[in-house]
Asks: 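Pasting a structure here, questions to come.
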Amino acid sequence: MDLSTNALCAKAKAMYGKRLKEEQYSELIRKDSIGEVVTYLKGHVGYQDALKDINVRNIHRQQVEDLLKREYFERCNKMLKYIPRKNQEFYLKVLMKIEIEIILDKIQRVLFGSQEALTYDLPTYLEAKTSFAFHELVQAKNIQEIKECLMHSKYAKIMNKFDVVSFEDMSILEKELLDFYYQSYVLSIEKHFRGKTKQQLLDVLYTLVELKNMEKIYRLKTYFHFTPEQIKKTVSLQYGRLNSNTLDQLVESKDGKEFLKKLSLSRYQAYYDDQEYAYIEYYIDTIKYNVAKRYLRFSSNAPVVYLTYSILESIEIDNLKHIIEGIRYQKDPSTIEEMLICM
């Protein structure tokens with residue numbers, strides 16, 4: 001292992017050591033306003049720089065969430081200076097995922113007539129690396145303008161296949177974009193890594209794909225009442241590790257409760273505990289958190305440490321978003337606590 005690899009592993013584990021702890025989450029969920037949450041975070045070493053310029057007397061939820069997203073990008077970026085130039089393609093896959101999330105977010109706002117503007121704010125260094133004009137996409141007013149923004153990007157071929165007019169159209173488009181991303185990620189891993197590192201990276205990636213599928217199956221079945229045939233068109237089954245029989249059983253579940261019971265008996269049962277899960281996202285994130293924490297703690301492979309560190313940081317940012325949303329809608333602390341993955 002070279003010095004840069006050592007440095008990345010040490011940096012990631014040191015930064016993870018500064019994460020918010022259970023007692024700090026406990027204090028945050030008892031705050032009475034978003035301003036109080038921000039004031040508290042300004043006093044935490046992990047967020048004091050990210051939030052130092054925000055005025056707590058005139059604060060908007062979206063502004064705070066944008067700054068938290070930015071902090072996530074900044075933390076991942078601090079790792080990039082330790083990586084060999086030849087492997088940068090792999091490490092920058094995180095940007096491709098961000099691009100797809102932004103595209104889908106924008107389409108969803110247009111499709112469902114959301115009046116809330118897309119205020120996604122990318123750090124300058126990332127905006128310069130995107131494969132399309134980010135600010136043009138933000139300004140697009142309809143699906144055609146979105147397509148025009150993307151016509152010279154790597155997503156053009158997929159976008160041109162769709163006239164997105166319904167939620168089902170969007171679900172299938174999301175599948176195609178994510179399939180493209182997963183395929184690109186797998187090819188990058190196979191190109192740059194060998195042996196144990198390659199095996200661990202694929203293990204983590206396939207787990208993420210599979211968990212994304214599980215979340216999607218549950219949501220489509222529970223909230224949108226998709227048929228099993230419709231569901232199968234929208235999930236990326238080729239990268240999962242559950243056998244086809246188990247997947248069929250999950251897709252055929254009569255409701256969300258039966259789905260969760262079957263999932264708890266699958267290969268993920270080692271990560272299951274006896275809590276009553278109020279939200280599928282909580283269950284999925286709990287599994288994701290435990291898988292990532294195990295690899296971050298025991299691996300000395302820089303790419304694996306980077307990937308799992310980025311997952312854990314993403315979960316911490318999501319925790320803070322749940323707290324902000326909970327306080328905004330005046331939920332009691334115990335309800336907010338049910339949504340948090342304690343680190």
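Counting begins at 1 with the first residue of the sequence.
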Asks: Tell me, yes or no, whether the heavy-atom count around Gln330 atom CD, taken from other residues, nucleotides or ligands under 6.0 Å, exceeds 12.
Replies: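 Result for CD/Gln330: open.
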
Asks: Can you list the steps and then say if Lys78 with Glu74 is a salt bridge (charged side-chain N to carboxylate O under 4.0 Å, His left out)?
Replies: CA-CA 6 Å; Lys78 287 178 181 175; Glu74 295 286 0; over 6 Å; no

Asks: Do Thr197 and Pro303 come within less than 4.5 Å of each other through their side chains, counting heavy atoms only?
Replies: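 Yes. Closest side-chain heavy atoms under 4.5 Å.
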
Asks: Looking at Lys18 and Val45, would you say the former's side chain and the latter's main chain have a donor-acceptor pair under 3.5 Å?
Replies: no

Asks: Following the transitive rule for hydrophobic clusters with a side-chain heavy-atom cut-off under 4.5 Å over Ile, Leu, Val, Met, Phe, Trp and Tyr, establish whether Tyr82 and Leu80 coincide in one cluster.
Replies: yes

Asks: Taking 4.0 angstrom as the limit, do Lys212 and Glu174 come out as a salt bridge?
Replies: yes

Asks: Taking side chain as C-beta onward, heavy atoms only, is Glu168 less than 4.5 Å from Phe226?
Replies: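 Yes, close enough: below the 4.5 Å cut-off.
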
Asks: Taking all non-hydrogen atoms of both residues into account, name the closest pair between Cys9 and Ser300 and its distance.
Replies: SG-O, 3.6 Å

Asks: Hey, mind stepping through Lys21 and Gln24 against side-chain contact (heavy atoms from CB on, under 4.5 Å) and telling me if it holds?
Replies: CA-CA 5 Å; Lys21 309 296 193 306; Gln24 292 163 322; 3.6 Å; yes

Asks: Please indicate whether Lys93 has more than 12 foreign heavy atoms, meaning atoms of other residues, nucleotides or ligands, lying under 6.0 Å from its NZ.
Replies: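 Yes, NZ of Lys93 has more than 12 neighbouring heavy atoms, counting only those of other groups under 6.0 Å.
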
Asks: Distance from Met159 atom CE to Glu176 atom CD, nearest 0.5 Å?
Replies: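 Met159 atom CE to Glu176 atom CD measures 11.0 Å (nearest 0.5 Å).
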
Asks: Same cluster or not: are Ile107 and Phe224 linked, directly or through other Ile, Leu, Val, Met, Phe, Trp or Tyr residues, by side-chain heavy atoms under 4.5 angstrom apart?
Replies: yes

Asks: Please check this pair: side chain of Thr335 against backbone of Lys331, looking for a donor-acceptor N/O pair closer than 3.5 Å.
Replies: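 A pair under 3.5 Å: no.
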
Asks: Inspect the contact between Glu325 and Arg328 and indicate whether a charged nitrogen and a carboxylate oxygen are less than 4.0 angstrom apart.
Replies: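 The answer is yes: the pair qualifies as a salt bridge.
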
Asks: Given side chains that start at C-beta, do those of Leu51 and Val56 come closer than 4.5 Å, heavy atoms only?
Replies: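 No - every pair of side-chain heavy atoms lies 4.5 Å or more apart.
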
Asks: Regarding Arg19 and Glu313, does a basic nitrogen lie under 4.0 Å from an acidic carboxylate oxygen?
Replies: no

Asks: Are Glu99 and Tyr155 linked by a side-chain donor-acceptor pair shorter than 3.5 Å?
Replies: yes

Asks: side-chain contact (heavy atoms from CB on, under 4.5 Å) for Ile311 and Tyr295? Distances and angles first, verdict last.
Replies: CA-CA 11 Å; Ile311 293 168; Tyr295 273 115; over 6 Å; no

Asks: Quick check against the 3.5 Å criterion: does Asn213 have a side-chain atom that pairs as donor or acceptor with the backbone of Val235?
Replies: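 Side chain of Asn213 to backbone of Val235, a donor-acceptor pair under 3.5 Å: no, none is there.
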
Asks: Can a donor-acceptor pair be found, under 3.5 Å and without considering hydrogens, that links the side chain of Glu71 to the backbone of Leu67?
Replies: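 Checked: no pair found.
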
Asks: So does Lys233 have more than 12 non-hydrogen atoms from other groups sitting under 6.0 Å from NZ?
Replies: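 Counting other residues, nucleotides and ligands, NZ of Lys233 stays at 12 neighbours or fewer.
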
Asks: So Phe259 and Tyr218, would you call those rings parallel, tilted or perpendicular, with 30° and 60° as cut-offs?
Replies: tilted

Asks: Spell out, as yes or no, whether a donor-acceptor pair under 3.5 Å connects the side chain of Ser253 to the backbone of Asp255.
Replies: no

Asks: Would you find more than 12 non-hydrogen atoms of other residues, nucleotides or ligands less than 6.0 Å from Lys13 atom NZ?
Replies: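 Correct, the count exceeds 12.
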
Asks: Let me confirm one number: the CD-CD1 distance from Glu210 to Ile287, rounded to the nearest 0.5 Å.
Replies: 9.5 Å

Asks: Tell me whether Leu250 shares a hydrophobic cluster with Tyr223, the cluster being built from Ile, Leu, Val, Met, Phe, Trp, Tyr side chains joined at under 4.5 Å.
Replies: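 Per the 4.5 Å side-chain linkage, Leu250 and Tyr223 are co-clustered.
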
Asks: Using 4.0 Å as the upper bound for N to carboxylate O, is an ion pair formed by Glu65 and Lys69?
Replies: no

Asks: Any idea how Tyr47 and His44 line up, ring-wise: parallel (<30°), tilted (30 to 60°), or perpendicular (>60°)?
Replies: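 If you compare the ring of Tyr47 with that of His44, the planes turn out tilted.
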
Asks: Is it true that, when you exclude Lys196 itself, more than 12 heavy atoms of the residues, nucleotides or ligands shown sit nearer than 6.0 Å to its NZ?
Replies: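 No, the 6.0 Å shell around NZ holds no more than 12 heavy atoms from other groups.
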
Asks: Got Glu145 and Glu136 here, is their nearest side-chain heavy-atom distance under 4.5 Å?
Replies: no

Asks: In sequence, state the C-alpha distance, the side-chain angles, and the governing distance for Tyr91 and Leu307, and then conclude on side-chain contact (heavy atoms from CB on, under 4.5 Å).
Replies: CA-CA 8 Å; Tyr91 289 90; Leu307 178 57; over 6 Å; no

Asks: Between Asp49 and Lys42 (salt bridge meaning N to carboxylate O under 4.0 Å), is one present in this structure?
Replies: no

Asks: Give a yes-or-no answer on whether the side chains of Asp66 and Gln62 include a donor-acceptor pair shorter than 3.5 Å.
Replies: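 Asp66 vs Gln62: donor-acceptor pair found between side chains.
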
Asks: Is there a ring-ring contact (aromatic ring centres under 6.0 Å, His included) between Tyr185 and Phe90 once you walk through the steps?
Replies: CA-CA 7 Å; Tyr185 217 146; Phe90 164 79; 5.6 Å; yes

Asks: Consider only side-chain heavy atoms of I, L, V, M, F, W and Y, link residues closer than 4.5 Å, and tell whether Ile172 and Phe112 are in one cluster.
Replies: yes

Asks: Spell out, as yes or no, whether a donor-acceptor pair under 3.5 Å connects the side chain of Arg75 to the backbone of Gly46.
Replies: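 Yes; at least one donor-acceptor contact below 3.5 Å.
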
Asks: Hey, mind stepping through Asp163 and Lys147 against side-chain contact (heavy atoms from CB on, under 4.5 Å) and telling me if it holds?
Replies: CA-CA 10 Å; Asp163 288 318; Lys147 286 183 177 181; 3.1 Å; yes

